[in-house]
Amino acid sequence: MNELEFRPWRSGDDLELLQIFGDPRSPQAHQDRTMLRENSDASFSRTLVATVDTVAVGAGVVFASSLHPQRLWLYVEVAPDMRRHGVGRELAARLREQIPEGTTAELKARYTVTAGDSAQAAAGFCAALGLGEIQVSRDVVIEPGALAEPVFDTNDRVIEELSTGSVELTRLVMDFYNAVHADWDPAAMTVGSAQRMLLDENTGAQAALVLRDKPKSEGGVPLAFAVSYIPARENAPSDVLVGHNPAFSDDEVAEAVRDMVAMLVYQYPVKLEVDSSMFVLSSLVDALASVEQATVISTTHIMASDAVR
């Protein structure tokens, strides 16, 4: 192999790299490629492109996230015919050298496994960089009628529609997000970032439900919530964010989360993203998968440099 050279990202690299990488194998892979960007100091970001005889053969980026400040994101991709030649590891090493003094040097990365894809190369690459697993996230489709429709006539609980711009909903989503990330990747989500990243029209959010312990007029508070998003393609199951009020214990919200999911899948399938830290929802998905009422379509492993210390 001729000598590798490295240069900063420049305009047009996205199209050049698409030709050598090929189409992304999953929605997650497509999203990851958008991390490759021009260098920035305002919000720290450095991207390097690896070349051989001026032809791009790989690229990588390391950048800071204000939402998750404990670690820097790392993403590296190499052309299929250049893998296992040390290109990815050299990109990662050079990107580490770009991290300014006073900035955290801890890294996190992820790789996704879909049906028929073992992702052994990605797992091996993360291991070679000294990254250990901190979280597993699954995309799951739950089948229509997987759970019996809940009955509310015998208790005080009520289901209510909320605007995706509702302050109450935004605070609930913010609190839930921060709570389920607290133990493995602490988040600094605010009301503004919750609205911008998960609830405004640019996210595709289109409807929201809350399940209260009693009517709001009687001081009722939300136990569980669901936000639905426009599907990525026609006739695909709706993407839905399901969460709960972290002010209550898992035992106190378990039935509410189950009933919320039951309502969502009464007639149509839905797709959920479920982190292992979402214990109530994850346990429900496990139970449904065991009786073939839920199908895991992809699994994302999130890795970090400080996980093995």
Side-chain angles (χ1 to χ4, degrees), residues 67-68 135 137 140 142 146-201 203-229 238-268 270-288 294:
L67 183 59
H68 295 278
Q135 185 60 264
S137 179
V140 182
I142 300 181
L147 294 165
E149 185 181 12
V151 177
F152 297 115
D153 295 341
T154 58
N155 55 59
D156 293 332
R157 295 182 307 157
V158 293
I159 195 78
E160 177 186 335
E161 291 188 22
L162 282 184
S163 163
T164 56
S166 159
V167 174
E168 181 184 36
L169 176 68
T170 305
R171 289 189 178 278
L172 185 60
V173 170
M174 174 190 73
D175 290 342
F176 172 73
Y177 187 95
N178 287 336
V180 297
H181 286 84
D183 292 336
W184 62 278
D185 195 21
M189 180 167 277
T190 63
V191 168
S193 56
Q195 182 61 219
R196 184 177 66 256
M197 300 175 68
L198 295 171
L199 294 170
D200 76 19
E201 61 181 12
T203 69
Q206 57 182 350
L209 296 172
V210 293
L211 178 57
R212 299 185 188 275
D213 60 345
K214 56 186 175 182
K216 187 176 183 180
S217 61
E218 299 175 13
V221 296
L223 297 174
F225 69 87
V227 180
S228 66
Y229 298 84
S238 293
D239 287 285
V240 181
L241 169 64
V242 173
H244 63 267
N245 187 340
F248 295 91
S249 69
D250 287 346
D251 288 342
E252 289 173 317
V253 298
E255 184 179 4
V257 170
R258 180 258 175 222
D259 287 350
M260 179 63 78
V261 174
M263 291 183 58
L264 294 170
V265 300
Y266 176 60
Q267 290 183 301
Y268 303 102
V270 299
K271 182 165 77 69
L272 310 178
E273 182 177 340
V274 186
D275 292 349
S276 296
S277 60
M278 301 175 185
F279 179 76
V280 173
L281 187 57
S282 182
S283 298
L284 178 61
V285 165
D286 289 341
L288 293 175

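Positions are given from 1 along the sequence.
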Taking it one step at a time, do L284 and V261 satisfy side chain to side chain contact (heavy atoms under 4.5 Å, CB included)?
CA-CA 9 Å; L284 178 61; V261 174; 3.9 Å; yes
Is there a salt bridge (charged side-chain N to carboxylate O under 4.0 Å, His left out) between E160 and K216? Walk through the geometry before answering.
CA-CA 9 Å; E160 177 186 335; K216 187 176 183 180; 5.3 Å; no
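In this structure, Q135 contributes its side chain and S276 its backbone to a donor-acceptor pair below 3.5 Å. A donor-acceptor pair under 3.5 Å links the side-chain atoms of Q195 to the main chain of T164, judged by distance alone. A donor-acceptor pair is defined here as one N or O able to donate and one able to accept, closer than 3.5 Å; no such pair exists between the side chain of T170 and the backbone of V191.
Closest approach of L169 and A208 over heavy atoms only: CD2-CB, 3.5 Å. Of all heavy-atom pairs between A254 and V280, the closest is CA-CG1, 3.7 Å. Contact between W184 and D275 at its shortest, heavy atoms only, is CZ2-OD2, 3.9 Å. In this structure, A256 and L223 approach most closely via the heavy-atom pair CB-CB, 3.7 Å. The two residues P150 and M263 have their closest heavy-atom pair at CG-CG, 3.5 Å. Here the closest non-hydrogen pair linking P215 and D156 is CD-O, 3.5 Å.
With sequence neighbours left out, the side chain to side chain donor-acceptor pair (under 3.5 Å) criterion links S249 to E252. When the salt bridge (charged side-chain N to carboxylate O under 4.0 Å, His left out) test is applied to E273, no partner is found at least two apart in sequence or on another chain. By the side chain to side chain donor-acceptor pair (under 3.5 Å) test, S228 pairs with no residue at all, sequence neighbours left out. For N178, the side chain to side chain donor-acceptor pair (under 3.5 Å) test picks out no residue, with sequence neighbours left out.
Atom OG of S217 sits about 9.5 Å away from atom CZ of R212, to the nearest 0.5 Å. We find the CE-OG1 distance between M197 and T190 to be 9.5 Å, quoted to the nearest 0.5 Å. The OH atom of Y177 lies 15.5 Å from the CG atom of L172; values are rounded to the nearest 0.5 Å.
Below 30°, between 30° and 60°, or above 60°: for F176 and F225 the angle between ring planes is above 60°, a perpendicular geometry.
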Pairs of donor and acceptor atoms involving the side chains of residues 239-248, under 3.5 Å and at least two apart or interchain, shall be tabulated with distances.
from, atom 1, to, atom 2, distance (Å)
D239, OD1, K271, NZ, 2.5
N245, OD1, A247, N, 2.9
N245, ND2, P222, O, 3.0

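Applying the side chain to side chain donor-acceptor pair (under 3.5 Å) test to pairs two or more places apart or on separate chains, those with a residue in residues 257-267 are R157-D259.
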